[in-house]
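Fair warning: this is a prediction, and the values are worked out from it, not measured in the lab. Each chain gets a letter, A, B and so on, in the order its sequence line appears, and its residues count up from 1.
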Amino acid sequence: MKLEKASCVLLVFTIPGKQAKGMRIMDEKYYPEKIEEKWQKHWADAGSFEADEQSDLTPFYCLEMLPYPSGFLHMGHVRNYSIGDALSWYKRLSGFNVLHPIGWDSFGQPAEQAAIKRGVNPRDWTEENIAHMRGQLQRLGISYDWRREIAAHRPQYYKWDQWFFLKMFEQGLAYKRLSPINWCPKEETVLSNEQSSGGVCWRCQTVVEKRELEQWFIRTTAYVEQLLADMREIEGGWPERVLTMQRNWIGQSTGAHVDFAIRESSAKVRVFTTRIDTIYGATAIVLAAEHPLIAEIPEGSALKDDVARFVERVRRERKGRNPAAEGGGDTEEEKEGVNTGLVAINPFSGEAIPVWVANYVLMDYGTGAVMSVPAHDERDFEFAQKYKLPIRQVIAPLTHREEPSGFDPRLGVDQSTEMTAAATDYGMLVNSGDWSGKLSEDAIREMTRFASAGGFGEEKVMYRLRDWGISRQRFWGAPIPVIYCEACGIVPVPERDLPVLLPEHAELTGTGQSPLASVAEFVNTTCPKCNGAARRETDTMDTFVDSSWYFFRYCDPRDDNAPFARDRAAYWTPVDQYIGGIEHAVMHLLYTRFWTKMMRDIGLVPFNEPVKKLLTQGMVTNVVEGTGEWKAMSKSLGNGVDPDEMLTAYGADAVRLFILFAAPPENELRWQETGIEGAVRFLRRVYSMVWRWSERFARSAARPGVEPRGEELTAGARALRRKTHQTIARITRDFDELHFNTSVAALMELSNALGDLNLQPAGASEADAFAVREALESLVIMLAPFAPHIGEEMWEGLGHAGGLLGEGRARWPRADEELARAEELEIPVQVNGKLRSRINATPDTPEEELRAAALADERVRGFTEGHELVKVIVVPKRLVNIVVK
RNA sequence: GCCGGAGUGGCGAAAUUGGUAUACGCACCAGACUCAAAAUCUGGCGUCCGCAAGGACAUGUCGGUUCGAGUCCGACCUCCGGCACCA
């Protein structure tokens with residue numbers, strides 16, 4: 001508490017009685033703790049941040065990603081909310097009706113793990129964490145409308161998760177199917193991806209198996225085209241990086257389906273290809289190990305056993321792999337395969353080619369079968385070389401890619417190529433029957449049409465995106481509202497029976513089996529259709545369900561009849577500005593886009609995209625002791641910084657100011673305690689300036705509005721007004737582009753200008769005091785979004801009662817262009833593009849005069865004399881450039 | 001491999017979008033105040049040459065456009081991120 005120690009001594013010098021007379025309501029010294037407490041109480045009492053739909057102002061929805069209630073705020077949170085809060089304040093002060101809510105993503109694994117480890121009740125644990133973190137947020141002074149707080153684990157909330165599930169079930173958007181999960185054969189439990197990292201069980205190191213389990217899916221793929229196409233609506237508002245990540249994730253590729261007849265049977269095998277132009281080069285069909293055609297291998301075939309053995313081996317080896325966990329590198333295996341003995345007929349050439357099974361073909365992409373064109377596909381090339389399959393070139397490379405009209409493709413073809421690797425570029429078709437001589441681009445189009453006309457193929461757009469598996473074999477989540485009846489099958493829980501309550505207790509063993517399965521009074525129920533005995537679904541929903549629509553709930557958080565009232569949501573949404581971590585670029589942000597489209601189609605919202613503008617904030621990093629490396633703060637690295645400690649040492653305002661000043665919001669933020677000290681220094685300087693002037697203002701007649709004429713001001717005061725208005729213009733622009741760091745820099749410049757003025761309150765004229773007052777009030781209002789507590793305190797100190805947002809509410813200052821205009825300019829003069837001198841001018845010095853002054857300048861003449869003058873470029877108000885030879 | 005983003009002082013970063021490169025801050029150096037230290041205040045701070053005035057060179061590299069390029073164009077290098085046996 002270095003701040004207080006120093007200031008106690010100085011307090012002696014304050015003149016007693018002043019405060020009592022009400023002339024000076026500020027302390028002489030800045031005590032963050034004291035004023036932060038004072039204003040936090042004021043905001044709560046006054047309901048300063050409570051937003052209502054009844055307002056003449058334009059609504060603005062500022063949203064930060066809701067936190068998981070782990071129990072403690074970390075610096076990433078602090079950064080996230082400081083950004084959102086600065087914007088919220090700016091918008092409020094600029095006359096918007098701002099919705100700025102917060103809630104808790106309170107379902108999920110950690111609560112369950114805490115329960116297993118420490119025997120606590122997940123509900124109690126979660127509620128305690130929320131209570132603690134809410135206190136931390138309030139101590140930070142984030143301007144939330146706390147009346148709208150929500151938490152996913154409360155039945156009032158998850159009831160609507162379940163309701164949405166029922167809606168999607170009705171629409172066929174929620175369905176059940178077999179799907180693989182990670183299974184530890186030794187412990188007989190289900191494992192999450194994280195728990196089976198490296199392909200082994202995290203507890204017993206046993207190799208994890210993939211097991212098939214009946215699971216619920218949301219048909220995100222039903223909206224795949226829209227998820228891709230609607231990105232146009234948010235382009236510009238979302239970071240390019242995020243859009244790219246989503247595009248990659250959706251993974252569109254255009255090609256064709258082609259059917260190959262199987263000679264041995266009436267069966268057909270369908271392949272997906274993006275290169276139908278290479279089909280004459282197909283020398284095999286290659287199937288995934290799981291492909292159903294394998295069953296068609298005739299009994300007694302010599303190769304049947306080989307195939308069975310191979311398929312078995314591939315399955316076993318795949319179990320040991322967990323591509324999701326390893327991240328990057330060599331998940332690629334050596335290509336292996338066996339011939340099935342089946343023969344397929346190329347529908348274009350009529351050629352008979354063998355059917356193989358191989359480990360490099362995936363069952364869950366395309367059709368699970370490919371035509372192998374070794375000459376023009378790297379994987380097929382590698383495979384063909386290993387198994388001595390023929391490699392036939394059917395695309396000749398072009399030496400020129402583009403030719404003017406009248407181009408004869410044959411002339412541009414390099415026929416002498418010998419294949420040492422697959423040639424994957426487009427080119428000209430050769431060895432391709434009647435199609436020879438065509439260019440790939442044209443051939444793809446025409447051959448697809450031909451296949452379609454012949455009934456053995458069609459154009460096909462393939463996506464990488466899969467449906468969203470939402471079943472979790474966990475306790476701490478929203479129960480999936482489904483009942484299984486012997487007689488009626490799958491029966492959705494009727495809407496009137498929602499919510500399906502999560503039981504108070506369940507045995508949490510951590511074995512990964514659905515804990516709800518062991519709660520008899522939960523499982524056993526009656527069928528809503530036939531009233532017979534029935535069982536409930538015991539899986540719970542993925543927590544990404546909760547976060548897919550939570551910000552709509554903020555609009556109407558206590559609604560008992562619907563997830564939210566349409567008109568309330570329509571008033572606030574779509575979200576104007578969303579702020580959160582890049583780690584949610586794909587999953588959360590894709591799910592919530594999907595959810596919005598689904599809600600649109602059931603008539604709940606009138607738009608396609610939920611979020612207009614997205615800001616992905618950078619990580620907060622700190623040096624890792626010993627290594628000197630900057631890494632994201634984390635417990636395991638020991639480089640974490642506790643927000644509470646920082647608040648105690650420096651106050652919320654300084655911490656927030658530093659965070660926003662130290663780097664642009666999307667960059668990495670390197671934590672530096674000396675940086676916060678700098679922020680404190682700045683706040684103290686501003687504070688003491690306001691303090692020194694507050695008494696003068698209290699007895700001064702000069703108020704903003706009684707504007708002095710220019711000539712009444714001293715030159716210094718005129719310059720101050722100029723700086724003030726330039727700063728207002730700059731900060732306003734910066735805020736609109738979320739450039740908080742440069743806003744703060746501009747505030748510092750203004751405060752430096754005030755300091756340089758060196759005007760004493762007692763000796764200043766009324767006119768000059770006006771200029772100072774204007775500068776200080778502007779400074780205080782524009783500082784408030786970064787440091788609201790001290791902002792409020794100084795606003796009051798300047799003689800305004802009721803707070804920045806209260807009765808005499810502060811207005812964001814307006815820049816007066818006339819006042820911001822410089823009186824005198826220093827115009828740089830270049831000779832041949834090099835800076836040689838500067839001349840003084842006014843903004844309206846005519847071009848001719850600038851030109852003459854520049855040429856007459858002594859230093860310039862040193863460089864021009866004896867040279868031929870070529871030309872003189874005069875950019876008014878900017879520069880003069882003299883070109884000589 | 002494909003897609004996206006970025007390279008500016010010792011460090012975090014600015015640069016009105018083609019017009020004085022390095023604003024603002026951190027660190028550092030010097031001075032004032034002090035018995036002293038801390039705090040505070042004042043000044044300095046891209047590199048090289050020079051006693052100085054001043055000059056030369058500097059925004060990853062090389063080239064181009066332009067009176068003028070951190071900014072535009074072309075080629076390349078490096079780093080970060082995403083996807084990846086995706087047919």
Inset, instruction - Would you kindly check whether a donor in the side chain of A:Arg878 faces an acceptor in the base of B:rU16, or vice versa, at under 3.5 angstrom? - result: yes
Inset, instruction - Could you tell me whether the phosphate oxygens of B:rG25, OP1 or OP2, come under 4.0 Å of any side-chain nitrogen or oxygen in A:Asn752? - result: yes
Inset, instruction - Determine: side-chain N/O of A:Arg379 to OP1/OP2 of B:rA84, distance under 4.0 Å, yes or no. - result: no
Legend entry - Pairwise P distance for B:rG25 and B:rU42, with rounding to whole Å: 11 Å
Legend entry - P spacing across the pair B:rA39 / B:rC28, given as an integer number of angstrom: 10 Å
Inset, instruction - Examine B:rG82: is either OP1 or OP2 under 4.0 Å from a nitrogen or oxygen in the side chain of A:Arg241? Give yes or no. - result: no
Legend entry - Phosphate OP1/OP2 of B:rG54 contacted by A:Arg859 side-chain N/O (<4.0 Å): yes
Inset, instruction - Identify which nucleotide among B:rA87, B:rC67, B:rA13 has an atom closest to any side-chain atom of A:Pro664, counting heavy atoms from C-beta outward. - result: B:rA13
Inset, instruction - Would you mind reporting whether A:Leu243 and A:Glu235 have side-chain heavy atoms less than 4.5 Å apart? - result: yes
Inset, instruction - State whether A:Asn667 places a side-chain N or O below 4.0 Å from either non-bridging phosphate oxygen (OP1 or OP2) of B:rA13. - result: yes
Legend entry - Minimum heavy-atom distance between A:Val686 and A:Ser751, given as atom pair plus value: CG2-CB, 4.0 Å
Legend entry - Distance-only donor-acceptor test (3.5 Å): side chain A:Asn248, base B:rC83: no
Inset, instruction - Give a yes/no answer on whether the side chain of A:Asn881 brings an N or O atom under 4.0 Å of OP1 or OP2 in B:rG19. - result: no
Legend entry - Pairing pattern in dot-bracket form [Watson-Crick, G-U; both distances under 3.5 Å; | = partner strand] for RNA chain B: (((((((..(((......[....))).(((((.......))))).((((....))))..(((((..]....))))))))))))....
Inset, instruction - Ignoring backbone atoms, test whether A:Tyr365 places a side-chain nitrogen or oxygen under 4.0 Å from the OP1 or OP2 oxygen of B:rA87. - result: yes
Inset, instruction - For B:rU17 versus B:rC3, give the span between their P atoms, rounded off to a whole number of Å. - result: 32 Å
Inset, instruction - Mind telling me whether A:Phe272 and A:Tyr365 have parallel, tilted or perpendicular rings, with 30° and 60° as the class edges? - result: perpendicular
Legend entry - Distance test, side-chain N/O of A:Thr274 to OP1/OP2 of B:rC86, below 4.0 Å: no
Legend entry - Intermediate values then yes/no, ring pair (Phe, Tyr, Trp, His ring centres under 6.0 Å), A:Phe735 and A:Phe786: CA-CA 11 Å; A:Phe735 251 110; A:Phe786 304 99; 5.4 Å; yes
Legend entry - Side-chain donor/acceptor of A:Lys335 to base of B:rC85, under 3.5 Å: yes
Legend entry - Option from A:Thr273, A:Leu287, A:Leu362, A:Val286 for which side-chain contact (heavy atoms from CB on, under 4.5 Å) with A:Val370 holds: A:Val286
Inset, instruction - Compare side-chain N and O positions of A:Arg681 against OP1 and OP2 of B:rA39 and report whether any pair is under 4.0 Å apart. - result: no
Inset, instruction - Report yes if at least one side-chain N or O of A:Arg685 is closer than 4.0 Å to OP1 or OP2 of B:rC41; otherwise report no. - result: yes
Legend entry - Main-chain N/O of A:Gly427 paired to A:Ser440 side chain as donor or acceptor, under 3.5 Å: yes
Inset, instruction - Heavy atoms only: give me the nearest A:Glu826-A:Asn840 pair and the separation to one decimal. - result: CG-OD1, 3.7 Å
Inset, instruction - Output yes when at least one side-chain N/O atom of A:Lys877 is less than 4.0 Å from OP1 or OP2 of B:rG19, else no. - result: no
Inset, instruction - Would you verify whether the NZ or CZ of A:Lys335 falls within 45 degrees of the ring axis of A:Tyr360 while also being under 6.0 Å from that six-membered ring's centre? - result: yes
